[in-house]
Amino acid sequence: MNDKEIADKKRWLWRYQRCRSSEKQLRRQIALERERATATTKALSPIMVTSSKSNTMESAILKIVERQEKLYKQIIKTEIVRDEIETAINSLPDDRMKAVLQERYIIGTSRWWRIANNLNISEVYAKKLERRALEKLYTPVYESSDTMSMLKL
C-alpha cells in the first residue's frame, strides 16, 4: 500500500476528532452568546426597554436557538462518524492493532509516547502496529473512488 492510500485512510479516521472539535467550538459559541444575552438583560433591566432593544434581545435568543440546532445536528453527525470508524477498526483481526487505532483516532491521543505508554508497548512498536492496521483496514474511501472510475468507463 502506498503512502497516499495510507494518508487517505488517516484522513478518513481523523474525521471523528474533527467532528468533536466542531462540537466543542459550537458549545463555546453558545456559551458566549448566552453570557452576552444575560449580561445585556441585566444591564437593561432597570431601564424601560424600547422596541428596538426588544428586537435585539429576540435576535440574540434566535441566534442561540439556531446554534443549538446546529449543535444537535453536529452531535448526530459525530456519532454517525464514530460508529463508521469503530466498525472499521473492530473488523481488524488483531486486538493490538485495534487498540492503537482506538487510542489514536477515537480517544484522540496525539502523542505516540502516550499511546505507547497507555498500551504498555514501545513507541516504535505502536507506530508499526498503526501502519499494519492501516494496511489491513477497510475504509469506504477507495470503494467510492473505484466506483466513480468504473462509471467513467
Side-chain angles (χ1 to χ4, degrees), residues 1-42 56-153:
M1 179 165 285
N2 66 38
D3 289 341
K4 184 193 179 317
E5 292 170 333
I6 293 292
D8 289 344
K9 287 185 178 186
K10 286 180 179 181
R11 201 171 8 269
W12 186 83
L13 288 165
W14 280 119
R15 291 179 311 139
Y16 175 65
Q17 292 302 320
R18 287 192 303 269
C19 285
R20 286 188 63 203
S21 179
S22 295
E23 244 182 75
K24 289 175 188 173
Q25 184 178 9
L26 282 168
R27 288 178 200 278
R28 283 192 298 266
Q29 288 173 345
I30 290 168
L32 284 171
E33 287 174 7
R34 279 186 181 154
E35 183 181 317
R36 289 175 66 202
T38 304
T40 305
T41 303
K42 287 178 184 174
T56 304
M57 185 58 67
E58 286 175 19
S59 66
I61 291 168
L62 285 174
K63 191 177 270 188
I64 291 169
V65 169
E66 286 173 8
R67 288 212 198 277
Q68 286 175 325
E69 288 173 8
K70 193 173 179 181
L71 174 61
Y72 176 72
K73 289 176 184 175
Q74 183 62 45
I75 289 169
I76 291 170
K77 179 182 176 182
T78 301
E79 288 307 308
I80 290 169
V81 168
R82 181 183 176 137
D83 286 345
E84 288 175 3
I85 293 169
E86 283 185 330
T87 299
I89 290 171
N90 288 330
S91 71
L92 290 169
D94 185 309
D95 287 340
R96 293 171 298 175
M97 289 179 185
K98 291 177 192 179
V100 168
L101 294 188
Q102 281 279 347
E103 187 73 32
R104 184 139 171 92
Y105 299 103
I106 299 298
I107 295 170
T109 308
S110 59
R111 304 283 183 195
W112 280 108
W113 65 267
R114 284 192 183 142
I115 293 169
N117 189 47
N118 292 347
L119 300 176
N120 295 319
I121 57 177
S122 74
E123 191 174 330
V124 171
Y125 188 54
K127 290 177 183 179
K128 283 182 183 178
L129 282 172
E130 185 210 26
R131 178 70 186 207
R132 287 185 205 148
L134 290 172
E135 288 172 353
K136 292 182 183 225
L137 187 72
Y138 170 78
T139 63
V141 173
Y142 296 106
E143 182 179 280
S144 60
S145 63
D146 291 344
T147 305
M148 291 304 288
S149 63
M150 288 171 61
L151 290 173
K152 289 178 183 176
L153 296 173

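- In this view, W112 and V100, R104, I115, E123, A126, K127, E130 satisfy the side-chain contact (heavy atoms from CB on, under 4.5 Å) rule, not counting sequence neighbours.
- For N117, there are no side-chain hydrogen bond (donor to acceptor under 3.5 Å, both in side chains) partners two or more places apart in sequence or in a different chain.
- Atom NZ of K73 and atom CD1 of I75 lie 13.0 Å apart (nearest 0.5 Å).
- Atoms CG and CD, from L71 and E66 in turn, are 13.5 Å apart once rounded to the nearest 0.5 Å.
- Q25 is linked by a side-chain hydrogen bond (donor to acceptor under 3.5 Å, both in side chains) to nothing, counting only residues two or more places apart in sequence or in another chain.
- With sequence neighbours excluded, the residues forming a salt bridge (charged side-chain N to carboxylate O under 4.0 Å, His left out) with E135 are R131, listed by chain and number.
- With contacts defined as side-chain heavy-atom distances shorter than 4.5 Å, the pair L13/L134 qualifies.
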List, one per line, each side-chain donor-acceptor pair under 3.5 Å for residues 84-93, sequence neighbours excluded.
residue	atom	partner	partner atom	Å
E84	OE1	R15	NH1	3.2
E84	OE1	R15	NH2	2.7
E86	OE2	R82	NE	3.1
E86	OE2	R82	NH2	3.2
T87	OG1	D83	O	2.8
N90	ND2	E86	O	3.1
S91	OG	A88	O	2.6

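- Listed by chain and number, the residues in a ring-ring contact (aromatic ring centres under 6.0 Å, His included) with W14 are Y105 (sequence neighbours excluded).
- With sequence neighbours excluded, the residues satisfying side-chain hydrogen bond (donor to acceptor under 3.5 Å, both in side chains) with E33 are R67.
- Residues L101 and I106 form no side-chain contact, since every pair of their non-hydrogen atoms from C-beta on lies 4.5 Å or further apart.
- Other residues, nucleotides and ligands contribute over 12 non-hydrogen atoms within 6.0 Å of the NZ atom of K98.
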Item to complete: For the pair E23 and R27, evaluate salt bridge (charged side-chain N to carboxylate O under 4.0 Å, His left out) and give the outcome as yes or no after the intermediate values.
Response: CA-CA 6 Å; E23 244 182 75; R27 288 178 200 278; 3.1 Å; yes
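- Applying the side-chain contact (heavy atoms from CB on, under 4.5 Å) criterion to Q68, with sequence neighbours excluded, gives I30, R34, I64, V65.
- Counting only residues at least two apart or on different chains, no ring-ring contact (aromatic ring centres under 6.0 Å, His included) pair has a member in residues 57-95.
- In this structure, NZ on K63 lies 10.0 Å from CD on Q29, to the nearest 0.5 angstrom.
- In this structure, R20 and T78 have side chains that are in contact, with non-hydrogen atoms separated by less than 4.5 Å.
- Expressed to the nearest 0.5 Å, how far NZ of K77 lies from CZ of R18 amounts to 9.0 Å.
- With rounding to the nearest 0.5 angstrom, the OH atom of Y16 is 13.0 Å from the CD1 atom of I80.
- Side chain of K70 to main chain of L26: no donor-acceptor pair is present (N/O by atom type, distance under 3.5 Å, no hydrogens or angles).
- Put simply, CD1 on I121 and CG on L129 are 5.0 Å apart, with the number rounded to the nearest 0.5 Å.
- Residues meeting the side-chain contact (heavy atoms from CB on, under 4.5 Å) test with R114, sequence neighbours left out: T109, R111.
- When all heavy atoms of I107 and Q17 are compared, the closest pair comes out as C-NE2, 3.8 Å.
- Residues that satisfy the side-chain hydrogen bond (donor to acceptor under 3.5 Å, both in side chains) test with R11, not counting sequence neighbours, are D8.
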